[in-house]
Amino acid sequence: MNLPFDPTDLDSVIATLYTTVSGPAGPRDWSHEHQLFHPSGRLIRTGVDAHGKSTMLIMTPDEYIENTRDYFASNDFYEVEITRETRQFGNICHIWSTYEARRSPDDLMHERRGINSIQLLRDASGAWRIINMIWDNERQGAAISR
């Protein structure tokens with residue numbers, strides 16, 4: 001069950017972020033994407049190449065939608081937050097959100113895990129807007145400890 005989106009509530013913002021990318025194969029509902037992200041916001045996918053060198057792709061929300069369109073069209077994908085650390089001071093917030101990606105929301109085994117590092121700004125209307133979101137997937141040499 002999806003709860004109504006409340007941009008003034010950090011829990012709602014993060015839940016909506018995960019809900020937006022999750023679902024069965026097919027198009028996603030991107031209706032909240034521009035409410036989630038500040039107009040200057042960026043999404044940064046990191047990883048390593050075949051030689052173990054660090055890689056990154058910096059995208060605007062629209063570039064992210066375009067970059068993931070084909071993948072989501074043909075793949076069931078459910079990203080689930082499993083832990084969160086939140087640090088807030090005044091109008092800024094940093095969320096360290098550990099996730100698991102699965103093919104079905106009921107799968108007991110995850111396909112991959114990683115961490116989303118999310119920086120947010122509370123704007124003049126009281127809405128929390130994502131300024132930057134950078135993530136990396138767990139792999140050999142980069143394990144998530146619990």
- Message: Tell me whether H51 contacts the main-chain N or O of K53 through its side chain, where contact means a donor paired with an acceptor under 3.5 Å.
- Response: no
- When you look at D62 and H34, which way does the side chain to side chain contact (heavy atoms under 4.5 Å, CB included) test go after all the steps? CA-CA 9 Å; D62 288 332; H34 293 288; 2.9 Å; yes
- Note on the structure: So CD1 of I144 and OG1 of T83: to nearest 0.5 Å the spacing works out to 7.5 Å
- Task: Without swapping roles, check the side chain of R122 against the backbone of G90 for a donor-acceptor pair under 3.5 Å.
- Result: yes
- Query: Do the side chain of N116 and the main chain of I118 share a donor and acceptor less than 3.5 angstrom apart?
  - Reply: no
- Task: Determine the minimum heavy-atom distance between Y18 and S97, stating which atoms define it.
- Result: OH-OG, 2.5 Å
- Item | Qualifying salt bridge (charged side-chain N to carboxylate O under 4.0 Å, His left out) pairs, either residue in residues 82-91, two or more places apart | D11-R84, E81-R84
- Query: For the side chain of N67 and the backbone of E63, is there at least one donor-acceptor N/O pair under 3.5 Å apart?
  - Reply: no
- Task: Please name the pair of heavy atoms, one in V80 and one in R102, separated by the smallest distance, quoted to 0.1 Å.
- Result: CG2-NH1, 3.6 Å
- Item | Backbone of A101 reached by a side-chain donor or acceptor of R112 within 3.5 Å | no
- Any donor and acceptor pair, going by atom type alone, linking the side chain of S22 with main-chain N or O of E79 inside 3.5 Å? yes
- Item | N/O donor-acceptor pair under 3.5 Å between R129 side chain and F37 backbone | yes
- Message: Tell me which one of I44, L120, I95, L17 satisfies side-chain contact (heavy atoms from CB on, under 4.5 Å) with M133.
- Response: L17
- Task: Report yes or no: does R69 contribute a side-chain atom to a donor-acceptor pair with the main-chain N or O of R28 at less than 3.5 Å?
- Result: no
